[in-house]
There are 2 protein chains.
Amino acid sequence: MSEYRLPTIKEIAKRLNVSVSTVSRALRDHPSIGLVTTMRVQNVAKELGYEVNRSAIHFKERKTYSIGVIIPNLSEPFFSSALTGIEDAVEANNYNVIIGQSLESFEREKRIVENMKDHRVDGILVSLTKETSSYEHFESLKKYNIPVVFFDRIPSKKDINYVACNLVSGMLQAITKLVSLGHTRIGLINGPAKLAATLQRLEIYYKCLKAHNLQLDHEIIVSTSLSKADNRRAMSHLLDIAEPPTAAIVFNDYVLLDCIATVKSRGLVINKDMSFVSFANLPIWEYMDSVPLASIEQFAYQQSSMATDFLFQLIKYAGNPTGAEAPLLQHIIDSEMIEYGRPEGQ
Amino acid sequence: MSEYRLPTIKEIAKRLNVSVSTVSRALRDHPSIGLVTTMRVQNVAKELGYEVNRSAIHFKERKTYSIGVIIPNLSEPFFSSALTGIEDAVEANNYNVIIGQSLESFEREKRIVENMKDHRVDGILVSLTKETSSYEHFESLKKYNIPVVFFDRIPSKKDINYVACNLVSGMLQAITKLVSLGHTRIGLINGPAKLAATLQRLEIYYKCLKAHNLQLDHEIIVSTSLSKADNRRAMSHLLDIAEPPTAAIVFNDYVLLDCIATVKSRGLVINKDMSFVSFANLPIWEYMDSVPLASIEQFAYQQSSMATDFLFQLIKYAGNPTGAEAPLLQHIIDSEMIEYGRPEGQ
DNA sequence: GTACGCTACGCAACCGTTTGCGTGCAACGA
DNA sequence: TCGTTGCACGCAAACGGTTGCGTAGCGTAC
């Protein structure tokens, strides 16, 4: 509680008997201020421990030098590593990161957007909740001139800025591997229809089967709401059909954890009776006894740091009041298969 | 890009031919403004889509209505759940959360503190890095009147605000359970000496052994730097001594994952040849084949939300320029043992 | 001697809101 | 009729810094 008020530009001015404008300019090495004056000002500033009051600048410049990040759930390694990507990319620009976890709740997502809008963040990065299917809350941000970049979980719209991950590349590698191991009946345990990722995975699945001339059988395509119970139900369903698949593509590693438990509870052996390929690349597999043959890495860090770069481009654009519309920034990163499995036991 | 400028209080005033002060008061239902005027102002405000410019208020009030959170690593469930606790507690106060991951780097921690100071956050919540053993960077915040509350990983100092977790309660439960299962030689795989938690665990270990009249044997106390290799080394060391322990307390679940792998690689059976008790309560255990007998829950959410409450108390205190020194806010939460294990196989 | 240009600095407005204090006006009591 | 009171509102300063423009003083060229 020692110093209640920080020194201001005014006090420096008073001390030196110059005007505040001179001090302001001297501190920023403005050429129209003489060298002697500049030095004297800077010395006194240092002596007093002067620091600019950013709030004043924010106020005047109508910027807060902070960006909002809306993410479903930081307890998922994918997102926490995405956040690290954002932090690293933001640091260079001297910005702050305001965080909001939507916790997969659409309502919460809306509230967070509202709050960030109130706080006048300079831009927002978003990965959507599983529930989100309308995007008005983001569109209203245009009025406030707050740019938005989506990453990974992006809206099914065209006129947006985004960075996403192309799963085809990784999936093709994975199916090629499965085929090379002799699998011909490869199932799909997909996510909820709401998610863009679900449709995407389905399309990719079709594409990859076709690429390998494998028979398409709708019986071995199931979907889950991603709840624990439903994951198990989906897996059980696959095992119960007359001619079960010998391998399955699974929506993500979390679903897979449940699938593995289900398979094992039936006394079946992972990677022998049933092989898996999953998405997400959880760091825990190296500790697990039962692992997928492979997981498809979606590069959270790279996605989010590129999205952050996009956002800063848009922020610069928004700053220039050239009437010109900002360009759409869109990019798709290739996924990659990461091998884990030890096929056929051991 | 449609509306470049948001409507201000001035425009409302102009529209109604009243002064800005009247508008300002009317918007906040000030009693000295007539009912009619108040209504007219509020109507026009709604019509224009007026919203207060918080930057102006922040500037005037010298507050940013945001708090900083410095956390080692959000990829640890403990910390991501702590962050959720903070978000929930903050929401009620209409504050924002500015996040900074120190990634266990002391230098990074200092940089983050510096940045948050520049941004004039109203307060800071911290959980220290493993490296942090000097605290000047936090003490300098006093000059700026920015209160700090530590949680979980707290400095070894007396004059600080903190919330921490008392491990004695949980540990006592765990050792009682081990003893009831017949264990008498219980080892300790501890963390690096730098961490306060390490010393704490050691003291608790002593205390609990004594409480059960167990013999203290320094040979079965080892420590690890928390690196994967060192975790395995530590575990191997325990197994290699003449009379190995039949159970061990392990610093945390991450270390335990490595210990389990080490034990199994020797063909030994978890919870039969070697039983474990650990800290942290990772959500993954339910998917694992080999689990500790019990894990000691440290209540990240509760710790962090209480720390947040503390912080808001201090912020209020800092706002009142009563010369009075703020009180020290300190609290310790009891840990609890969570049982997982199925002793003696299955 | 006048006109001009350059250097080095000051003046004042501005960003949007809050708030202490002042004041005109009407009602009221004496 | 005059003084008092209270209501409803306006004035202006303040928060800290930036910036367009104005200008004093000086040197220089004609």
Side-chain angles (χ1 to χ4, degrees), chain A residues 3-42 44-45 48-65 117-120 122 144-145 319 321, chain B residues 3-42 44-45 48-65 94 117-120 122 144-145 318-319 321:
Chain A
E3 320 174 19
Y4 217 132
R5 218 79 145 205
L6 263 40
T8 75
I9 220 172
K10 249 181 227 169
E11 293 162 39
I12 302 183
K14 200 167 293 172
R15 274 241 216 181
L16 269 66
N17 263 323
V18 295
S19 72
V20 287
S21 48
T22 301
V23 175
S24 171
R25 291 191 172 102
L27 288 173
R28 326 173 87 226
D29 285 315
H30 194 284
S32 85
I33 302 297
L35 196 60
V36 203
T37 313
T38 302
M39 294 294 288
R40 295 203 321 156
V41 167
Q42 295 191 352
V44 174
L48 257 54
Y50 169 79
E51 295 173 49
V52 292
N53 178 336
R54 294 220 201 168
S55 294
I57 312 232
H58 297 172
F59 169 49
K60 200 175 187 340
E61 298 193 346
R62 296 187 199 78
K63 292 180 77 178
T64 56
Y65 292 94
K117 187 202 70 189
D118 283 353
H119 246 259
R120 296 284 189 280
D122 293 348
Y144 301 95
N145 220 5
Chain B
E3 319 173 18
Y4 218 131
R5 217 79 144 209
L6 262 41
T8 75
I9 223 172
K10 249 182 227 170
E11 292 162 40
I12 303 183
K14 200 168 293 173
R15 273 241 216 181
L16 270 67
N17 264 324
V18 296
S19 73
V20 288
S21 47
T22 302
V23 176
S24 172
R25 292 192 172 101
L27 287 173
R28 327 175 87 226
D29 286 315
H30 194 283
S32 84
I33 302 297
L35 196 60
V36 204
T37 315
T38 301
M39 294 294 287
R40 296 202 323 155
V41 167
Q42 295 191 352
V44 173
L48 257 52
Y50 169 80
E51 296 174 48
V52 292
N53 180 335
R54 295 220 202 168
S55 292
I57 311 230
H58 297 173
F59 169 48
K60 202 173 183 344
E61 299 193 347
R62 296 187 200 78
K63 293 179 75 177
T64 57
Y65 292 95
N94 238 304
K117 188 204 68 187
D118 283 354
H119 246 259
R120 295 286 190 277
D122 293 349
Y144 301 95
N145 220 3

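Residue numbers begin at 1 in each chain, while the letters A, B, ... track the order of the sequences.
Counting heavy atoms from C-beta outward, A:His119 and A:Thr64 have side chains that stay 4.5 Å or more apart. You'll find the side chain of B:Gln42 reaches within 4.5 Å of the side chain of B:Asp29, heavy atoms only.
In terms of phosphate contacts, A:Ser19 brings a side-chain nitrogen or oxygen within less than 4.0 Å of OP1 or OP2 of C:dG10. Of the side-chain N and O atoms in B:Thr22, none sit less than 4.0 angstrom from OP1 or OP2 of D:dA8. Dashed line: the shortest gap from a side-chain N or O of B:Ser24 to OP1 or OP2 of C:dT18 is under 4.0 Å. Between B:Lys10 and C:dC15 there is a side-chain polar atom (N or O) within less than 4.0 angstrom of OP1 or OP2. Close to D:dT19, at under 4.0 Å from its OP1 or OP2, lies a side-chain N or O of A:Arg28.
Side-chain rings of B:His58 and A:Phe59 stay apart, their centers remaining 6.0 Å or farther from each other.
Across the protein-nucleic acid pair, B:Ile12 atom CD1 and C:dG16 atom P stand 12 Å apart, rounded to whole Å. As a whole-Å value, the separation of A:Ile57 CD1 from D:dT18 C1' is 8 Å. Between A:His30 atom NE2 and C:dA8 atom P there is a gap of 12 Å when expressed in whole angstrom units. As rounded to whole Å, 15 Å separates atom P of C:dA8 from atom CE of A:Met39. When rounded to the nearest whole Å, the span between CG of A:Leu6 and P of D:dC15 equals 14 Å. Distance, A:Phe59 CZ to C:dG16 P: 6 Å, rounded to whole Å. Straight-line distance from the CG atom of B:Asn53 to the P atom of C:dG16: 7 Å, rounded to whole Å. Rounded to whole angstrom, the span from the CG atom of A:Asp29 across to the C1' atom of D:dT18 amounts to 16 Å.
Between the side chain of A:Arg25 and the base of C:dG10 there is at least one donor-acceptor pair of N/O atoms closer than 3.5 Å. Looking at B:Arg120, its side chain has no donor and acceptor atom pair within 3.5 Å of the base of D:dG16. In the interface, the side chain of A:Ser21 is not paired with the base of C:dC9 through any donor and acceptor atom under 3.5 Å apart. Between the side chain of A:Arg62 and the base of D:dG17, no donor-acceptor pair of N or O atoms lies under 3.5 Å.
Annotation: the span from B:Glu51 atom CD to B:Leu6 atom CG amounts to 6.0 Å, rounded to 0.5 Å. The distance from the CZ atom of B:Arg15 to the CD1 atom of B:Ile12 is 9.0 Å, given to the nearest 0.5 Å. Atom NE2 of residue B:His30 and atom OG of residue B:Ser24 lie 9.0 Å apart, to the nearest 0.5 angstrom.
Within 4.0 Å of A:Thr37, counting heavy atoms only, lie sugar-phosphate atoms of the nucleic acid but no base atom. Residue contacts for A:Val23: at a heavy-atom cut-off of 4.0 Å it reaches no nucleic acid atom on any strand shown. Within 4.0 Å (heavy atoms only), A:Ser32 reaches at least one base atom of the nucleic acid.
For B:Lys60, whose side chain is taken as the heavy atoms from C-beta onward, the closest listed nucleotide among D:dG10, D:dG17, D:dA14 is D:dA14.
A residue-by-residue look at A:Asn17 and B:Glu51 shows that A:Asn17 has its nearest nucleotide of DNA chain C further toward the 5' end.
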